[in-house]
Participant: 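Sending over a structure as structure tokens; questions will come in a sec.
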Amino acid sequence: MVTRFAPSPTGFLHTGSLSASLISWRLAKQSGGVFFVRLEDTDQKREIAGSGDKLIEELETFGIAPDESFVKGGAYGPYRQSERKWIYDVVIKHLLEHDLAYPCFCTHEELDEIRKEQEKIKANPGYYGEYAKCRYLSLAEATAKVKAGFPFVIRFKSPGIETNRVYVDDVIRGRIEFPENVQDIVIMKTDGLPTYHFAHLVDDHFMRPTHITRGEEWMASVPIHLQLFDSIGWERPIYAHLPVIMKLDEGKRRKLSKRKDPEASVSYFLEQGYPIEGFLEYLMTMANTNFEEWRLANPDADIFNFNLSFAKMTLDGGLFDLEKVKSICKECLAKMPAETIASKALAWAKAYDQTFAAAIKNDIPYFQAILAIERGGEKPRKDYEKYSDIFPIINFMYDKWFEAAIRESRPFNERFTKTQIIDVLEAFLRQPGLNLPEAEWFENLKMVAEATGFAARTKDYKNNPDRYLGHIGDFAEIIRIAVSARKNTPNFYYVLKILGYDTIVNRINHTISLL
RNA sequence: GGCCCGUUGGAGAAACGGUUAACUCACCGCCCUCUCAAGGCGGCAUUCACGGGUUCGAACCCCGUACGGGCUACCA
């Protein structure tokens, strides 16, 4: 199978385009085929300089490496439409010679007038039949106009009959019927560049894709495309119209819009630090309905061991579900070994969070140790959904941020007096038990708590609140705050182990001095 | 307006004419727990947009309606 992705250089990669390329690429690779990328840069007005290269770059960060493209070339190039003009010219000439096309000199004003007239009498709008004035120009008239310098476009001379039906067997949607195309559509613009329809005909013939995977917004143009291929006598490609990713906006579904929705740009997810693997996994669940089931059965398999199929694609575009993306990414980050997540987080931080990057780089093993807390095993921690979540959760492990935080606030339970807090901290310091294994450490902590007047078991405290100052949870909280400046931390035992005795003593003393 | 496509719980969806409509995410309870993050257990559609029809039997087939989406450019 040979597939292609044909983006216009009008901005950064769209989430929907990424999804479509992922599907096209996988389909090609699965079948041992070729995936290529062609730049559709025929609309100079909308072009954004440099965005073509950016598109390829973003595709590649997601692991989608085209076999042929406008960057690396290939045997069926050029891969940039602006460089293929001579090819279009040859085909145009052929069409003209075979009476399948003609020049049209109608101005925008004339076209507007035709449309108004059609609206008035409720005829179908467009350039066809009796409205196609230039279609009936003689060769001499046309030649004279061209020589006189009138601007013109080239139109396809549609052989269609309105009452005829045509159909296409879309590999995703099945057989779809349409009325035959009768419009004499523009195939070459005044600027000499082809329109999409014509470029599709020429490029997707000469560049030899076997399957045209594109958004369903193209479905309505299929009658035009079929007619083009048939008229020139070229073999029709196989069409696969992909459902479009939607978004719920004020109760209504609409296409993800690059202007309105940050999540429509792939770069948004990259900036936020969503793991690439997780994002791809989400896209796969959107692409094939049986992917999630497969994933459940093969939790550790490589995502690309799954074979995408046209049969398992849905017909209607699903809503983009950020919650689900997050959940999948969380799972994905939880599964990574500490060294892996550490190096990926560092790579992300280097690009998007210099402060974080600097802190990590200073002592990479320390950062890995932090990330290793409760990692691995059957039930790994799941506290990050993206790389940008990491630092806010663990920055207290770095003295600089701990200092700032503890000076800012010490959220001790107001029930406890300054003396009681100091008692707890000092009792802990006398017997921190850091050399003990986790379970014993906690037993030790309970003992110390009890000796300080706290219940070792929460239930005991609840049954007899008057007999104790508080329970083990209260006791641990005081130490936790003194050492981390916050009420929640990952597993406290490991936090303490990683900080080390000296740091703990320093932090506790520092906290006491602030009371 | 016309032409296409679609419609199963809050979201993604399974089911391919035959018992109580899978599963994942979200949500809500309870349990576990030194905090957090998790984890465990349970709940969440008497019903498949609506109305007719076909059938012994329909979410699945047919017709109509409603709603949503796409197209209707010298944009892709």
Participant: Does the ring of A/His108 lie flat against the base of B/C74, closer than 5.5 Å centre to centre with planes under 30°?
Facilitator: yes
Participant: What does A/Glu40 touch in the nucleic acid at a heavy-atom separation under 4.0 angstrom: a base, only the sugar-phosphate, or nothing?
Facilitator: sugar-phosphate
Participant: For A/Thr42 and B/A76, is the shortest distance between a side-chain N/O and OP1 or OP2 below 4.0 Å?
Facilitator: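 True: A/Thr42 side-chain N/O within range (under 4.0 Å) of B/A76 OP1/OP2.
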Participant: Between B/A73 and A/Arg155, is there an OP1 or OP2 to side-chain N/O distance shorter than 4.0 Å?
Facilitator: no
Participant: Let me know the distance between NZ of A/Lys45 and P of B/A73, rounded to the nearest Å.
Facilitator: 15 Å
Participant: For A/Pro223, answer base if it contacts any base atom (sugar-phosphate contacts may also be present), sugar-phosphate if it contacts only those atoms, and nothing otherwise; contact means non-hydrogen atoms under 4.0 Å.
Facilitator: nothing
Participant: Should the side chain of A/Arg381 and the base of B/C36 be counted as holding a donor-acceptor pair, with the cut-off at 3.5 Å?
Facilitator: yes
Participant: Between A/Arg38 and A/Asp204, does any side-chain N to carboxylate O distance fall below 4.0 Å?
Facilitator: yes
Participant: Could you tell me whether A/Arg173 and A/Glu216 make a salt bridge, using a distance below 4.0 angstrom between a side-chain N and a carboxylate O?
Facilitator: yes
Participant: Quick one: label A/Lys312 by what it contacts on the DNA or RNA (base, sugar-phosphate, nothing), any heavy atom closer than 4.0 Å.
Facilitator: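 Since only primed, P, OP1 and OP2 atoms lie under 4.0 Å of A/Lys312, the category is sugar-phosphate.
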Participant: Taking the six-membered ring of A/Tyr102 (Phe, Tyr or Trp), confirm whether the NZ or CZ of A/Arg155 is under 6.0 Å from its centre and within 45° of its axis.
Facilitator: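 No, cation not above the ring by the 6.0 Å, 45° rule.
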Participant: Which part of the nucleic acid, if any, lies within contact of A/Met246, taking any heavy atom under 4.0 Å across all strands shown: a base, the sugar-phosphate backbone alone, or nothing?
Facilitator: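 Sugar-phosphate contact only.
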Participant: Among B/C74, B/C34, B/C4, which nucleotide has an atom closest to any side-chain atom of A/Leu111?
Facilitator: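 Given the options B/C74, B/C34, B/C4, the side chain of A/Leu111 is closest to B/C74.
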Participant: Side chain to side chain donor-acceptor pair (under 3.5 Å) with A/Glu83: which residues, sequence neighbours excluded?
Facilitator: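 Side chain to side chain donor-acceptor pair (under 3.5 Å) check on A/Glu83 returns A/Arg80.
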Participant: Expressed in whole Å, how much space separates the C1' atoms belonging to B/C60 and B/A22?
Facilitator: 16 Å
Participant: Is A/Glu477 touching bases, backbone alone, or none of the nucleic acid, heavy atoms closer than 4.0 Å?
Facilitator: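 Nothing, no nucleic acid heavy atom in range.
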Participant: So A/Arg165, base contact, sugar-phosphate only, or nothing? Heavy-atom distance under 4.0 Å.
Facilitator: sugar-phosphate
Participant: Taking the C1' atom of each, how far is B/A59 from B/C36, in whole Å?
Facilitator: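 Per the computed distance, 44 Å lies between those C1' atoms.
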Participant: Taking atom P in both B/C62 and B/C23, compute the distance separating them and give it to the nearest angstrom.
Facilitator: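 29 Å, rounded to whole Å.
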Participant: Check if the side chain of A/Thr489 and the base of B/C36 share a donor-acceptor pair of N or O atoms closer than 3.5 Å.
Facilitator: no
Participant: Any ion pair linking A/Lys330 and A/Asp383 (charged N to carboxylate O, less than 4.0 Å)?
Facilitator: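 A/Lys330 and A/Asp383: not salt-bridged.
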Participant: Give a yes or no on whether the backbone of A/Asp321 and the side-chain of A/Tyr282 come within a donor-acceptor separation of less than 3.5 Å.
Facilitator: yes
Participant: Just checking A/Arg486: base, sugar-phosphate only, or nothing, at a heavy-atom cut-off of under 4.0 Å?
Facilitator: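 The answer is nothing, as A/Arg486 stays clear of every strand by at least 4.0 Å.
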Participant: With rounding to the closest Å, how many angstrom separate the C1' atoms on B/A21 and B/U8?
Facilitator: 8 Å
Participant: Could you give the distance separating B/G9 and B/G43 at their C1' atoms, to the nearest angstrom?
Facilitator: 13 Å
Participant: Relative to the ring of A/Trp218, is the ring of A/Tyr196 parallel (under 30°), tilted (30 to 60°) or perpendicular (over 60°)?
Facilitator: parallel
Participant: What nucleotide among B/C75, B/C71, B/C25 has an atom nearest to a side-chain atom of A/Ser327?
Facilitator: B/C25
Participant: Base, sugar-phosphate, or nothing: which does A/Ser221 touch, judged by heavy atoms less than 4.0 Å apart?
Facilitator: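 No contact at all - A/Ser221 keeps every heavy atom at 4.0 Å or more from the nucleic acid.
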Participant: For atom P, what is the distance between B/C63 and B/G6, given to the nearest Å?
Facilitator: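 Result for the P pair: 13 Å, nearest Å.
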Participant: For RNA chain B, produce a single dot-bracket line, 5' to 3'. Pairs: Watson-Crick or G-U wobble, both distances under 3.5 Å. Symbols: ( ) within strand, [ ] crossing, | other strand, . unpaired.
Facilitator: (((((((..(((.....[....))).(((((.......))))).....(((((..]....))))))))))))....
Participant: What interatomic distance, in whole Å, is found between C1' of B/A15 and the corresponding atom of B/U35?
Facilitator: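 The answer is 45 Å between these two C1' atoms.
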Participant: Considering only B/A26, B/A37, B/C74, which nucleotide approaches the side chain of A/Lys382 most closely?
Facilitator: B/A37
Participant: B/G12 phosphate, OP1 or OP2: any side-chain N/O from A/Arg253 under 4.0 angstrom?
Facilitator: yes
Participant: Base, sugar-phosphate, or nothing for A/Tyr196, non-hydrogen atoms under 4.0 angstrom?
Facilitator: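 A/Tyr196: base contact, heavy atoms under 4.0 Å.
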Participant: So, does A/Thr10 get its side chain near the phosphate of B/C75, meaning an N or O under 4.0 Å from OP1 or OP2?
Facilitator: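 For A/Thr10, the contact criterion (side-chain N or O under 4.0 Å from OP1 or OP2 of B/C75) is not met.
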Participant: Base, sugar-phosphate, or nothing: which does A/Val186 touch, judged by heavy atoms less than 4.0 Å apart?
Facilitator: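 Touches sugar-phosphate only.
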Participant: Mind checking the P distance from B/C32 to B/U19? Whole angstroms is fine.
Facilitator: 41 Å
Participant: Considering only B/C4, B/G6, B/C34, which nucleotide approaches the side chain of A/Pro179 most closely?
Facilitator: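 Within the option list, the nearest is B/C4.
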Participant: At under 4.0 Å, does any side-chain N or O of A/Thr190 touch on OP1 or OP2 of B/C74?
Facilitator: no
Participant: Could A/Arg214 and A/Tyr239 be counted as a cation-pi pair, given that NZ or CZ must be under 6.0 Å from the ring centre and within 45° of the axis?
Facilitator: no
Participant: Please collect all salt bridge (Lys or Arg N to Asp or Glu O under 4.0 Å) contacts where either partner lies in residues 178-192 of chain A, sequence neighbours excluded, each pair once.
Facilitator: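 Counting only pairs at least two positions apart or across chains, the salt bridge (Lys or Arg N to Asp or Glu O under 4.0 Å) contacts touching residues 178-192 of chain A are A/Arg135-A/Asp184.
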